[in-house]
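Below you'll find the structure, written out as structure tokens, and then a few comments.
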Amino acid sequence: MLAQAAGAVAPRLLGATLESWIDGRQVVARITEVEAYEGQCDPASHAFRGRTKRNAVMFGPAGHLYCYFVYGMHWCANISCAEPGTAAAVLLRAADIVVGEAAARARAAAGRAAPAAALPAAKLASGPARLARSLGLHGEHTGLDLLDAASPVRLLALGEPAEVCSGPRVGVNVGVAEPWRFWLPDAGSVSAFRPGVRRRRGTRQTEQP
DNA sequence: TTGTCGATTGAG
DNA sequence: TCAATCGACAAT
């Protein structure tokens with residue numbers, strides 16, 4: 001069921017339960033916001049330019065974890081969702097922590113910003129980097145089979161959401177026409193929408209017409 | 001080998 | 001609104 005186009009799989013992951021058992025700490029989260037990333041037809045996808053060492057999991061079987069490092073400090077987590085040889089993945093953008101709030105809070109406090117430990121519970125996994133941090137996910141976990149009962153990170157159950165909202169993806173400046181971001185309207189953990197920005201290094205944000 | 005940019009976040 | 005911060009990858 002996971003091996004379909006990312007746009008079809010993504011809404012089905014809303015309400016799904018994800019469990020991580022990392023460093024001896026259990027965290028269970030209910031997914032509340034996701035984004036679909038297709039393969040070589042999606043300019044916003046890491047797989048757009050073909051297979052590389054980093055995005056290899058996106059080209060593998062469905063249901064595997066793809067963690068990537070971004071902005072020099074954050075990890076984000078995806079679930080692959082296509083047939084082997086075809087690239088597609090769903091980015092996990094937000095979740096409600098169901099079990100293990102203390103562990104998630106400890107991980108937030110261990111980050112560079114101490115005040116993160118004071119985040120309201122609904123915001124602990126609000127945003128892709130916060131979600132990955134709360135669950136303890138990083139590059140070492142790339143490739144894990146989320147459908148394997150022996151895996152430290154598992155997809156326990158798929159959700160059956162009554163109502164799903166969709167809209168453009170956050171933080172991307174290509175492929176913005178596709179409404180490939182999906183979220184549960186009643187979830188407090190859903191992150192805020194921010195359009196993609198293209199910055200020029202060394203110069204102030206001055207955009208020439 | 002070098003240079004640019006990024007599926008973000010938190011502080012000011 | 002902007003800086004932090006470093007890996008990936010395109011350009012040279």
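As the structure is a computational prediction, the values presented were derived from the model and not from experiment. In the text below, chain A, chain B and the rest are named by the order of the sequence lines, each starting its count at 1.
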Quiz prompt | From A:S80 atom OG to A:Y37 atom OH, the distance as rounded to the nearest 0.5 Å | solution =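 Atom-to-atom, A:S80:OG and A:Y37:OH are 16.0 Å apart.
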Less than 4.0 angstrom from a charged side-chain N to a carboxylate O is my criterion; do [X] and [Y] meet it?
X: A:D96; Y: A:K123; answer: no
X: A:R169; Y: A:E35; answer: no
X: A:R181; Y: A:E33; answer: yes

Value in whole Å for how far the [atom2] atom of [N] lies from [atom1] of [X]:
X: A:L124; N: B:dG10; atom1: CG; atom2: C1'; answer: 15 Å
X: A:E38; N: B:dA7; atom1: CD; atom2: P; answer: 16 Å
X: A:W75; N: C:dA8; atom1: CH2; atom2: C1'; answer: 12 Å
X: A:N55; N: B:dG6; atom1: CG; atom2: C1'; answer: 15 Å
X: A:F193; N: B:dT8; atom1: CZ; atom2: C1'; answer: 14 Å
X: A:R130; N: B:dT8; atom1: CZ; atom2: C1'; answer: 10 Å
X: A:L92; N: B:dA7; atom1: CG; atom2: C1'; answer: 12 Å
X: A:R49; N: B:dC5; atom1: CZ; atom2: P; answer: 12 Å

Quiz item: How far, in whole Å, is B:dT2 from C:dT5 if one measures between their P atoms?
Solution: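 Those two atoms are separated by 23 Å.
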Quiz prompt | Phosphate contact (C:dA8 OP1 or OP2) by A:T52 side-chain N/O below 4.0 Å | solution =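 For A:T52, the contact criterion (side-chain N or O under 4.0 Å from OP1 or OP2 of C:dA8) is not met.
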Quiz prompt | Presence of A:H46 side-chain N/O under 4.0 Å of C:dA8 phosphate oxygens OP1/OP2 | solution =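 Answer no for this pair, as no side-chain N or O of A:H46 is under 4.0 Å from OP1 or OP2.
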So what does [X] touch, heavy atoms closer than 4.0 Å: a base, only the sugar-phosphate, or nothing?
X: A:R54; answer: sugar-phosphate
X: A:R194; answer: base
X: A:A129; answer: sugar-phosphate

Self-check item: Aromatic-base stack, A:Y71 on C:dA4, cutoff 5.5 Å, angle under 30
Solution: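 Here the ring of A:Y71 and the base of C:dA4 are not stacked, as the 5.5 Å and 30° limits are not both satisfied.
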Which nucleotide in [options] has an atom nearest any side-chain atom of [X]:
X: A:S45; options: C:dA4, B:dA7, C:dC6; answer: B:dA7
X: A:F69; options: B:dA7, C:dA4, C:dG7; answer: C:dG7
X: A:N173; options: B:dG10, B:dA7, B:dG6; answer: B:dG6

Using purine N1 to pyrimidine N3 plus N6-O4 or O6-N4 for Watson-Crick, or N1-O2 and O6-N3 for G-U wobble, each under 3.5 Å, what pairs with [N]?
N: C:dT12; answer: none
N: B:dA7; answer: none
N: C:dT5; answer: none

Practice problem: Step through it carefully: locate the ring centre of A:H46, locate the ring centre of A:Y68, and say whether they are under 6.0 Å apart. | Solution: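 Centroid distance A:H46-A:Y68: below 6.0 Å, so yes.
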Quiz item: What about A:Y68, does its side chain sit under 3.5 Å from the base of B:dA7 through a donor-acceptor pair?
Solution: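 Flag set: donor-acceptor pair detected.
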Quiz item: Can A:S151 and A:D145 be counted as having a side-chain donor-acceptor contact under 3.5 angstrom?
Solution: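 No, because no side-chain N or O of A:S151 sits under 3.5 Å from a partner of the opposite role on A:D145.
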